[in-house]
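Each chain gets a letter, A, B and so on, in the order the sequences are listed, and its residues count up from 1.
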Protein chains: 2
Amino acid sequence: MKYTPFLNYIKNFVDLNEKEITFLRSYTNYKKYFKGQYIVKQGEVCNHTNFIISGCTENFYMDQKGQEHIVTFAIENWWSSDISSFITQKRSDFNVKCLEDTEVIQFTCQNQDEIFKNIPKMETLFRKLLEKALVSSQKRIVNNFSLSAKDQYIYFKNQYPNIEQRVPQYKVASYLGITKEFLSKIKAQLVKNKS
Amino acid sequence: MKYTPFLNYIKNFVDLNEKEITFLRSYTNYKKYFKGQYIVKQGEVCNHTNFIISGCTENFYMDQKGQEHIVTFAIENWWSSDISSFITQKRSDFNVKCLEDTEVIQFTCQNQDEIFKNIPKMETLFRKLLEKALVSSQKRIVNNFSLSAKDQYIYFKNQYPNIEQRVPQYKVASYLGITKEFLSKIKAQLVKNKS
DNA sequence: TTAAAAAAATAAACTAGATTAACAAATCAA
DNA sequence: TTGATTTGTTAATCTAGTTTATTTTTTTAA
């Protein structure tokens, strides 16, 4: 069933009994988006936290000059939302867009609170997820400061080996904060040095 | 008493009864560090989360070339630790050092878990703090990508108006990921354009 | 199966910010 | 109250990464 990958994922962190699982299912819902569809649009409030069952999303924003900057990618077993908009319930600064057909389990804001109230283990799970997310976000800042673009690209490839094949190269460049032209140059360099 | 600022801070988020406060106090402890002292050292395990009652700390790391990069500053009513080392209990990649005499309330790893078990409201508080921290970390990544060094400096001044006066300028430059010379240039420019 | 659109590569000119070096001010320790 | 250390400035030169422009390759849709 649709929920299976999600329940398996949760099992990695906490054990839920039948009653809790039933509760969790009744307070979340399954949804399918198609390639190109927006889960969240810049300027609108982000109403859901999404757990990705299958597919791939990008989280990006458009700056004043009309340039897109990709903040994160997300694939199966990851979470995807604009957490800032979700927690404050204010307009989002980001877009979340599907790069493939994408199936998700959605938590609304109110339901998430209900879930936490009724299944404290779920709040523990979310706390731990947030800790991890914060660590990797800080790691990214650190890399940004201390690695050259080339080394950041290499780090990205090691860290997220599955993503590069699934998204166009210019989006990887955007994620790295460099131009597609420069990434192209870096790749040419890497190929040359290998042979 | 020493704990007052900490209890006041908590009151902004959740209400604790007398029993809970007593519990919280018995599972945390007060400590004073002096200017220049390290709270955490790169290579050692970070055993505490620290709530700052007074003072100022920097969280930085040394890269392969021996260069220091400041990741965050923290002052009164902020938290300071190497969260990555704290949650994994592995060697820290960062140093936390006092830029002023600094008083903190400390949570050890085990005690934090005990506190969460006995006062679920405290876990909610930490979840919310982590959400906020993640948002501001992501915001920093975004700024890094879309703002010039000058605009990042202006953003920093607005966001953290109290910090610039308390730390040397070259540390602000390090936080911004630019050289002290370039920050000096930026400041000269800003002064000129104002007049 | 083909034409149109999207993605990637290449290269020359350019710029934000780094590096180096020398000097000036401010702070601190005795 | 002075000299030593820490912090900040200025300026010339240099470089990693951008911009702009053109061409090639790949993907997509009908």
Task: Between C/dA21 (P) and B/K185 (NZ): distance, integer Å - done: 17 Å
- [ ] Pick base, sugar-phosphate or nothing for A/K187, based on heavy-atom distances below 4.0 Å to the nucleic acid.
- [x] nothing
Open item on the list: Is there a side-chain contact between B/Y153 and B/K157 in this structure, where contact means two heavy atoms from C-beta onward sitting under 4.5 Å apart?
Closed with: yes
Task: B/T179 side-chain N/O to C/dA18 phosphate OP1/OP2 under 4.0 Å - done: yes
Task: B/N95 and B/Q42: side chain donor to acceptor below 3.5 Å - done: yes
TODO: Say whether A/D63 and B/S146, considering side chains only, have a donor N or O and an acceptor N or O under 3.5 Å apart.
DONE: no
Open item on the list: Without decimals, in angstroms, what is the distance between A/Y153 OH and D/dG17 P?
Closed with: 15 Å
Task: Nucleotide D/dT15, atom P - distance to CZ of B/F182 in whole Å - done: 18 Å
Task: Interatomic distance, A/Y170 OH vs D/dT25 C1' [rounded to whole Å] - done: 16 Å
Open item on the list: Assuming nearest nucleotide by heavy-atom distance, tell me which of A/Q152 and A/E181 is located more 5' along DNA chain D.
Closed with: A/Q152
Task: Contact nearer the 5' end of DNA chain C, comparing B/K35 with B/K150 - done: B/K150
Task: Degree of bending in the helix from C/dT1-D/dA30 to C/dA30-D/dT1 once both end axes are built from five pairs, to 10° - done: 60°
Open item on the list: Which nucleotide wins on minimum distance to the side chain of A/A188, given the candidates D/dG17, C/dG17, C/dT10?
Closed with: C/dT10
Task: Salt-bridge contact B/E20-B/K121 (side-chain N to carboxylate O under 4.0 Å) - done: yes
Task: Atom-to-atom span, CG of A/N144 to P of D/dG17 - whole angstrom - done: 11 Å
Open item on the list: Does the plane of the ring in B/F51 sit parallel, tilted or perpendicular to the ring in B/F6? Use 30° and 60° as the thresholds.
Closed with: tilted
Open item on the list: Using OP1 and OP2 only, check whether a side-chain N or O of B/Q169 sits under 4.0 Å from D/dT6.
Closed with: no
Task: Candidate list A/N50, A/T72, A/T102, A/T57, test side-chain hydrogen bond (donor to acceptor under 3.5 Å, both in side chains), partner A/S80, passing option - done: A/T57
TODO: Nearest whole angstrom, please: distance from the C1' of C/dT19 to the NZ of B/K180.
DONE: 10 Å
TODO: Whole angstrom is fine here: how far is it from CD in B/Q189 over to P in D/dA11?
DONE: 13 Å
TODO: May I ask you to decide if the ring planes of B/Y61 and B/F94 are parallel, tilted or perpendicular, using 30° and 60° as cut-offs?
DONE: perpendicular
- [ ] Provide, to the nearest angstrom, the distance between the CG atom belonging to A/L147 and the C1' atom belonging to D/dG17.
- [x] 15 Å
